[in-house]
Amino acid sequence: MTDWTQLHGDFFDGRRVLVTGGAGFIGSHLVEALLELGASVVVLDDLSGGDVANFEPFGPAAGDRFRFVEGSILDERVVADCVEGCRFVLHQAALGSVPRSWEQPALDTQVNVCGTLNVLEASRQAGVDRVVFAASSSAYGDSQTLPKVETMPPNARSPYAATKLAGEQLLTAYSASYGLDTASLRYFNIFGPRQNANSAYAAVIAAFAKALLAGERPTIFGDGEQSRDFTFVHNAVHANLLAMRASQPIEGRVINVACGTRITVNELAGQMAQMVGRVELQPIYADERAGDVKHSLADLTVAREVLGYEPIVGFADGLAPTVAWYETVLV
């Protein structure tokens, strides 16, 4: 769908990259693009949320340019082994659910904060050129200001959001203290193929797909007029590749990654029902969930200035192949 070579040339050819959480949804797309670009990729994943099946379309063909290590970012020795010889680290590993963080705040903090510290320390000692961190738009909290600009005061409304903010601060601190260049990419509602629809904490597009394809009405929490800057996964991949390629130090800056447009959850449900030919499956409305943000829309000025980023796949162009993928795995 996306020609990565046309966008990024031969920059990654022969370069070694560690992707933590690389068996997961976003991580596996990063691995696929890097392998297509000629990189050697090490994946570290404990498979708590990822799946080695995500590598099947591209991993075997990469031969010795691809190495998978089943392990945790909490294991300092394993992280140190994986990062050895790597030029870049894409740190995607995390416990990634707001509802789960309410239930298990201590575990969330341990993995997302202490694990990030381990990755940074191992990267520093290995002489990595740059660490790129999967930050989250949840950092903006329930501020009514739109669009969301990186200079806005953070406003964590869940333990998950707090851990992601802590990760951003650790990256900034490591850049300032040790000269390890870092970047924090604040993802806005990433969606696409391989996003798990079977988790109790499934993201909204995945959850809607599972319900509609099972002939069930999708559930919307609240009135459905909440809006999101839904961002196809290839945009997140593109931003990470640009962040690694940046010629100037990024020095821990926080950068929004999104499309810069928004759609309501009601509109989303209607479009998806139409795509699968089940327009009669009208949503069920349930109570709004505590901590849910009403509206989300990213300002992309910093992404353009620092990374040269522009979205490469719009919402509609990304939703169609996403729904088609769910039709192959859920039906």
Side-chain angles (χ1 to χ4, degrees), residues 1-3 7 25-26 29-30 33 96 98 134-152 155 161 164 184-195 202-209 212 218 220-243 253-276 283 288 292-326:
M1 179 178 179
T2 298
D3 187 338
L7 288 167
F25 159 49
I26 299 174
H29 283 278
L30 287 166
V98 168
S136 170
S137 62
S138 63
Y140 294 111
D142 56 3
S143 168
Q144 297 301 304
T145 303
L146 293 177
K148 309 297 185 186
V149 182
E150 292 88 344
T151 52
M152 291 171 58
N155 183 27
K164 284 296 187 177
S184 292
L185 305 184
R186 279 186 181 167
Y187 295 159
F188 279 69
N189 300 98
I190 310 298
F191 73 94
R194 303 183 201 142
Q195 191 170 37
V204 63
I205 289 177
F208 281 5
L212 290 167
I220 292 177
F221 296 96
D223 62 8
E225 287 306 296
Q226 61 267 42
S227 61
R228 297 288 181 265
D229 195 335
F230 290 110
T231 306
F232 187 64
V233 65
H234 283 196
N235 295 308
V237 172
H238 184 47
N240 276 272
L241 297 173
L242 289 171
R253 291 193 69 173
V254 173
I255 303 169
N256 289 338
V257 173
C259 280
T261 58
R262 61 189 174 115
I263 182 173
T264 69
V265 176
N266 282 329
E267 290 170 330
L268 171 68
Q271 289 186 27
M272 291 184 67
Q274 188 169 28
M275 283 181 174
V276 301
E288 185 175 338
D292 273 2
V293 177
K294 187 67 176 176
H295 298 294
S296 183
L297 176 68
D299 183 282
L300 299 179
T301 302
V302 173
R304 293 186 175 108
E305 292 176 351
V306 176
L307 303 181
Y309 168 85
E310 292 289 346
I312 55 173
V313 181
F315 170 73
D317 290 335
L319 187 62
T322 301
V323 171
W325 180 82
Y326 283 120

(request) Measure across Asp142 and Gln144 and return the closest heavy-atom pair with its distance rounded to 0.1 Å. (result) O-NE2, 3.1 Å

(message) Please report the interatomic distance CG(Asp299) to OG1(Thr145), rounded to the nearest 0.5 Å.
(response) 12.0 Å

(message) Working note: Ser296 + Asn189, criterion side chain to side chain contact (heavy atoms under 4.5 Å, CB included); need CA distance, chi angles, decisive distance, verdict.
(response) CA-CA 9 Å; Ser296 183; Asn189 300 98; 4.0 Å; yes

(request) Might you point out which heavy atoms bring Ala236 and Val257 nearest each other, and give the distance in Å? (result) CA-CG1, 3.9 Å

(request) Assess whether atom CZ of Arg194 is packed by more than 12 heavy atoms of other residues, nucleotides or ligands within 6.0 Å. (result) yes

(message) Please enumerate all residues that pass ring-ring contact (aromatic ring centres under 6.0 Å, His included) together with Phe191, with sequence neighbours excluded.
(response) Phe232, Phe315

(request) Determine, stepwise, if the pair Thr264 / Asn266 fulfils side-chain hydrogen bond (donor to acceptor under 3.5 Å, both in side chains). (result) CA-CA 5 Å; Thr264 69; Asn266 282 329; 5.2 Å; no

(message) Return the CG to OG1 distance between Asn256 and Thr301, rounded to the nearest 0.5 Å.
(response) 9.0 Å

(message) According to side chain to side chain donor-acceptor pair (under 3.5 Å), who are the partners of Ser184, at least two apart in sequence or on a separate chain?
(response) none

(message) Quick check on side-chain contact (heavy atoms from CB on, under 4.5 Å): which of Val302, Val306, Leu307, Leu300 does Arg304 satisfy it with?
(response) Leu300

(message) Looking at every non-hydrogen atom in both residues, tell me the closest pair between Asn235 and Cys259 and how far apart they are.
(response) ND2-SG, 3.6 Å

(message) Tell me the closest heavy-atom pair linking Ala203 and Gln195, and the distance in Å.
(response) CB-NE2, 3.4 Å

(request) May I ask you to check if Arg186 and Tyr140 form a cation-pi contact, with NZ or CZ under 6.0 angstrom from the six-membered ring centre and within 45° of the axis? (result) yes

(request) List in chain and number order the residues that pass ring-ring contact (aromatic ring centres under 6.0 Å, His included) with His29, two or more places apart in sequence or in another chain; answer none if no residue qualifies. (result) Phe25, His234

(request) Consider only side-chain N and O atoms of Tyr187 and Asn240, and report whether a donor and an acceptor are under 3.5 Å apart. (result) yes

